[in-house]
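Heads up, the thing below is written out as structure tokens.
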Amino acid sequence: MRALRKAARAVERAGVSLSEWEGEFLGSVESRVQAFGRAFADPAKGLPGAALSARQTFKLREIAAKTRPKGESDGPPKGSGLKRRSGMNRTRAR
């Protein structure tokens with residue numbers, strides 16, 4: 001519920017126009033979570049105990065991304081992961 005409300009507030013603050021479908025999506029998902037405790041029925045579509053399915057979570061992130069300036073991202077910059085150390089590809093001497 002917090003993520004849905006946060007996304008809706010961010011859209012309002014940013015003045016971003018959502019498509020009719022996206023606006024309806026936010027409202028319907030929120031009402032289903034309030035009524036049933038989750039917004040999907042098929043357990044294969046999401047984790048047990050999760051309120052949103054994987055696809056609903058993805059769409060919610062897309063909506064939230066519309067509110068951020070173009071230069072910002074959701075996570076760390078690309079390419080910032082584990083770095084290969086110099087000795088990793090060497091074969092061992094026997």
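The chain is numbered in sequence order, starting from 1.
The pair Glu62-Lys59 counts as a salt bridge, with a side-chain nitrogen and a carboxylate oxygen less than 4.0 angstrom apart.
For Lys6, the NZ atom sits in a loose shell: 12 or fewer heavy atoms of surrounding residues, nucleotides or ligands are nearer than 6.0 Å.
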Review point. Where do Gln56 and Val29 land on the side chain to side chain contact (heavy atoms under 4.5 Å, CB included) test, with the steps shown first?
Key: CA-CA 8 Å; Gln56 290 167 335; Val29 168; 4.2 Å; yes
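In the hydrophobic clustering of this structure, Phe58 does not group with Val33; members are Ile, Leu, Val, Met, Phe, Trp, Tyr whose side-chain heavy atoms approach within less than 4.5 Å, directly or through other members.
Closest of all the heavy-atom pairs between Lys66 and Val16 is O-CG2, 3.6 Å. Taking all atoms of both residues into account, the shortest heavy-atom contact from Leu60 to Ala7 is CD1-CB, 3.6 Å.
With a 4.5 Å cut-off on side-chain heavy atoms, Phe25 and Ile63 count as touching.
A donor-acceptor contact shorter than 3.5 Å is absent between the side chain of Glu30 and the backbone of Gly27.
Taking OG1 of Thr67 as the reference point, atom CD of Glu12 lies at 11.5 Å (rounded to 0.5 Å).
No hydrogens or angles considered: a donor-acceptor pair under 3.5 Å links the side chains of Arg32 and Ser28.
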